[in-house]
Number of protein chains: 2
Amino acid sequence: MHLDKVDKALLARLQEDASLSLADLAESVNLTTTPCWKRLKRLEESGVLRKRVALLDPAILGLSFTAFVHIKTSDHSEDWYQRFVDAVTPFDEVMECYRMAGEYDYMMKVQVADMPAFDLFYKKLVNSIDGLTNVTSTFAMEPLKYTTALPLV
Amino acid sequence: MHLDKVDKALLARLQEDASLSLADLAESVNLTTTPCWKRLKRLEESGVLRKRVALLDPAILGLSFTAFVHIKTSDHSEDWYQRFVDAVTPFDEVMECYRMAGEYDYMMKVQVADMPAFDLFYKKLVNSIDGLTNVTSTFAMEPLKYTTALPLV
DNA sequence: GATGAAACATCAAGATC
DNA sequence: GATCTTGATGTTTCATC
């Protein structure tokens with residue numbers, strides 16, 4: 001899968017605004033619509049261009065409370081791992097979750113309305129999975145940056 | 001700004017797939033195209049529907065190294081804060097950044113190719129801003145979940 | 001909520017480099 | 001020989017009714 005400069009320019013453009021028309025997109029990379037369209041098809045088929053989504057405003061929706069939950073477990077078996085993944089990923093409040101190197105085994109970013117809503121989530125979480133030896137939460141006071149656009153060199 | 005069930009259903013749908021045609025979108029909420037289109041306009045104008053973006057595959061692009069950088073500062077002035085924001089947000093590698101409550105003052109999520117690339121970023125970062133008393137990085141070994149879709153009750 | 005004009009995406013056939 | 005342009009066709013958006 002090789003990406004030339006034009007491919008990267010297209011991806012960069014679409015990462016910022018996926019509502020651009022084919023004609024506008026083509027013009028911005030000095031192409032006409034057909035070759036531009038073929039490149040897009042190729043990028044979609046290869047999987048680089050994964051999906052197009054709408055980004056909503058968390059503040060307007062009353063969902064601007066962001067928490068990070070750090071988790072330690074005593075059970076490092078493959079079986080527990082699978083149960084953990086199955087328990088955690090269905091929660092809509094969990095926006096991101098990673099298995100980590102270092103002191104904590106897992107970290108997740110949680111998006112909710114406010115502290116009471118977080119507390120509710122927290123209880124649901126710890127009741128849905130055992131073997132958690134340490135669960136520590138930290139809270140965002142202010143978001144300074146949030147982007148979905150990957151750094152394309 | 002009031003959102004009824006149909007508005008929320010539309011937003012939920014678009015959070016998952018913004019490439020849906022108006023006709024498909026309308027059908028999925030049992031509407032014809034005209035009222036659906038009017039709702040979308042209203043949602044766009046109100047700012048809830050902020051933008052539509054393409055999500056790319058980090059692995060295919062060779063950008064699957066995720067680090068979290070935790071920062072403490074000794075300077076809590078408004079002036080330093082502004083310089084920090086101006087220094088950090090332009091970095092394309094910084095996907096998210098938050099001012100935090102708790103032990104560390106700031107946390108950012110950094111997306112790069114690999115550890116050497118992270119090291120390069122790290123040097124750029126610490127050289128671009130002074131007053132950092134403690135900078136600690138933790139690394140993701142495996143992503144378990146990543147979504148941009150807010151939990152719409 | 002229906003309708004239709006205008007804008008748009010899609011794809012074939014052939015030109016260009 | 002891959003990459004482009006033109007143009008024809010079906011689909012989608014969106015303002016008027």
Side-chain angles (χ1 to χ4, degrees), chain A residues 1-61 147-153, chain B residues 1-63 92 113 146-150 152-153:
Chain A
M1 182 59 200
H2 178 255
L3 299 173
D4 66 12
K5 291 215 161 188
V6 177
D7 290 325
K8 287 196 177 168
L10 286 174
L11 292 175
R13 225 64 190 77
L14 287 173
Q15 280 199 119
E16 297 298 338
D17 186 359
S19 70
L20 285 167
S21 79
L22 184 57
D24 285 350
L25 200 57
E27 192 188 348
S28 77
V29 296
N30 292 314
L31 242 54
T32 52
T33 56
T34 305
C36 183
W37 181 78
K38 283 187 177 164
R39 279 170 187 268
L40 291 185
K41 284 297 137 204
R42 192 172 136 265
L43 291 168
E44 272 164 27
E45 271 153 33
S46 74
V48 199
L49 191 41
R50 212 156 58 76
K51 63 196 296 207
R52 292 140 200 265
V53 300
L55 298 184
L56 311 184
D57 187 317
I60 298 182
L61 290 163
T147 183
T148 55
L150 294 170
L152 294 180
V153 190
Chain B
M1 182 59 201
H2 179 253
L3 300 173
D4 66 11
K5 290 215 162 189
V6 178
D7 289 326
K8 286 194 178 170
L10 284 174
L11 291 175
R13 225 64 191 77
L14 286 173
Q15 279 199 119
E16 296 299 337
D17 186 358
S19 70
L20 285 167
S21 79
L22 182 60
D24 286 350
L25 200 56
E27 193 189 348
S28 77
V29 296
N30 292 314
L31 243 53
T32 53
T33 55
T34 306
C36 184
W37 181 77
K38 283 183 179 165
R39 278 170 186 269
L40 290 184
K41 282 298 135 201
R42 188 170 141 269
L43 292 169
E44 272 165 27
E45 271 153 32
S46 75
V48 200
L49 191 42
R50 211 155 59 75
K51 62 196 297 206
R52 291 141 200 266
V53 300
L55 299 184
L56 311 184
D57 187 318
I60 298 182
L61 289 163
L63 287 170
D92 289 343
Y146 175 80
T147 182
T148 57
L150 294 169
L152 294 181
V153 191

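These figures come from a predicted structure and were not determined experimentally. Here is how names work: the chains are called A, B, and so on, in the same order as the sequence lines, proteins then strands, and each is numbered from 1.
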Protein-nucleic acid N or O pairs under 3.5 Å, nucleotides 3-5 of chain D:
from	atom 1	to	atom 2	distance (Å)
D:dT5	OP2	A:Thr32	N	3.2
D:dT5	OP2	A:Thr32	OG1	2.2

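With rounding to the nearest 0.5 Å, the separation of CG in B:Leu11 from CG in B:Leu43 is 5.0 Å. Rounded to the nearest 0.5 Å, atoms CG (A:Leu3) and CG (B:Leu61) are 6.5 Å apart. In this structure, CG on A:Leu10 lies 5.5 Å from CG on A:Leu40, to the nearest 0.5 angstrom.
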Got a list of side-chain donor-acceptor pairs under 3.5 Å for residues 24-38 of chain B, not counting sequence neighbours?
from	atom 1	to	atom 2	distance (Å)
B:Ser28	OG	B:Arg13	NE	3.3
B:Ser28	OG	B:Leu25	O	2.8

List the atom pairs, donor and acceptor, that lie under 3.5 Å between side-chain atoms in residues 49-59 of chain A and the rest of the protein, sequence neighbours left out.
from	atom 1	to	atom 2	distance (Å)
A:Arg52	NH2	A:Glu44	OE2	3.1
A:Asp57	OD1	A:Ala59	N	2.8
A:Asp57	OD1	A:Ile60	N	3.2

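Contacts of A:Ala149 classified as side chain to side chain contact (heavy atoms under 4.5 Å, CB included), with partners at least two apart in sequence or in another chain: A:Gln15, A:Glu16, A:Thr147. For B:Ser19, the side chain to side chain donor-acceptor pair (under 3.5 Å) partners are B:Asp17, not counting sequence neighbours.
Atom CG of A:Leu40 and atom C1' of C:dC11 are 14 Å apart (whole Å). Rounded to whole angstrom, the span from the CZ atom of A:Arg42 across to the C1' atom of C:dT10 amounts to 19 Å.
For B:Trp37, a side-chain nitrogen or oxygen approaches OP1 or OP2 of D:dC14 to under 4.0 Å.
A heavy atom lying under 4.0 Å from DNA chain C marks none of the residues of residues 7-23 of chain B.
Across all non-hydrogen atoms, the minimal contact from A:His2 to A:Asp7 is O-OD2, 3.9 Å.
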